[in-house]
Amino acid sequence: MSGEAISLSLGRQVVKAIRTVSGPSSAALHEPEFNGNEWRYLKECLDSTFVSSVGRYVDRFEADLAAYTGAGFAVAVVNGTAALHIALKLGGVEPGDEVLIPALTFVATANAVSYCGAIPHFVEIDARTMGMDAVKLDEYLAGMTTFRNGKRINRTTGNVIRAIVPMHTFGHPSDLNALISIARRFGLVLIEDAAESLGSFFQGRHTGTFGLAGILSFNGNKIITTGGGGAILTNDRELAKRARHLTTTSKVPHRWIYEHNEVGYNYRLPNLNAALGCAQLEQLPRLLKAKRNLFKKYKAAFKNVSGVRLVAEPAHCTSNYWLQTLCLEHSDTIQRDLILRISNDEGLMTRPVWKALHRLPMYENCPRMGLDVAKDVEARHINIPSSAKLGGITK
Ligand SMILES: *Cc1c(COP(=O)(O)O)cnc(C)c1O
């Protein structure tokens, strides 16, 4: 067969394998479901007239999130990007600082760094986890940085490297042990972008709780949704207090006086969204079961399709399997794009991973290490329909 015929044949096999799981109709990449107390809590919320940023569902959602993740404190905010913006500020990220982030992540990770006036510094990817490569990062930092006046300095740019922000791609945890050890040795603040990994654990501990702070997202396509929403997780009481202050326009609490003691943000999550979040969080254990079951179904469906494999959770991790991912045997964007076209033509929503961030115009001049693996991972991976309902667990 010619190269094109092989590609076509693989594309058709991928469609067939997805169809054995998804059935004959079209399938979205990720649909939310509202089969629990969503309507009831929303109605209660409307009936109470507390629809905005004060209300008992906000308090309950924060308490429930802290209890589920094991974080000391959770602060609910309007979205995951806002959560990351504030978490970076809590970490002391200042204008002109550099922040280490993976080259392959949703653009929000880099945008939050930019909102602080800081500079994203792109880190190579580990093909096994699709997250930061700790081994290469360690070597890189040892070679190109120096420690001066208690600060880690990039010797090329002269800037302070303040923080490191691992991201757990599609719910699969990065190598947190190694990354924590890098943060310690190089004097960096660790902040986790756990936007995709609610329900994912590294060695039994919830992602987002390892560093100074972590963040979650409850956007419509995430494992649970509040419409739009996010949360900051931290074990530090003072930081949680500061996060609450900054996200509430830095208002000094008083019964009637408007007093604000620094530039703050209107980032608090409305009670309506929190009500949805409380109901969604009740469903999380079932959703996680469904997602794991979906992985098993796809695993069986793709068993005899050569040329692709299904991405499984890394060792010592429990992944939430937020987005199911195929890895192509060959790094070939023509092959990848053909599979994307054939499946989308068939009504099966499949997606490539993000374009590596250093290839976006606003980030093309940012500092970065060698990113060959990031490029390779970008060329080889495809997300396939991942809605929990395809996992077939209704209770
Ligand atoms: C979803 C997401 C965010 C932020 O999400 P919002 O849409 O702002 O809630 C941040 N980082 C990553 C990696 C994400 O996937």
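Remember, it's 1-based here, ligands and their atoms both numbered in the order they're listed. Quick note: residue numbers are just sequence positions, from 1.
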- Message: Tell me which residues fall inside the under-4.0 Å heavy-atom shell around ligand 1.
- Response: N79, G80, T81, T105, F106, A108, T109, M167, D193, A195, E196, S217, N219, K222, G229
- Message: Within this structure, what is the CG-CG distance for the pair L104 and D126, rounded to the nearest 0.5 Å?
- Response: 12.0 Å
- Task: Run the salt-bridge test on E346 and R341 with the 4.0 Å N-O cut-off and return the result as yes or no.
- Result: no
- Message: Looking at R268 and E62, is there a salt bridge between them, counting it only when a charged N and a carboxylate O are closer than 4.0 Å?
- Response: yes
- Task: Run the ring-centre check on W354 versus F170 and record whether the distance is less than 6.0 Å.
- Result: yes
- Message: Assess whether a salt bridge exists between R286 and E33, defined as any Lys/Arg side-chain N lying under 4.0 Å from an Asp/Glu carboxylate O.
- Response: yes
- Note on the structure: Which of M369, M132, R368 passes side-chain contact (heavy atoms from CB on, under 4.5 Å) with E124? Answer is M369
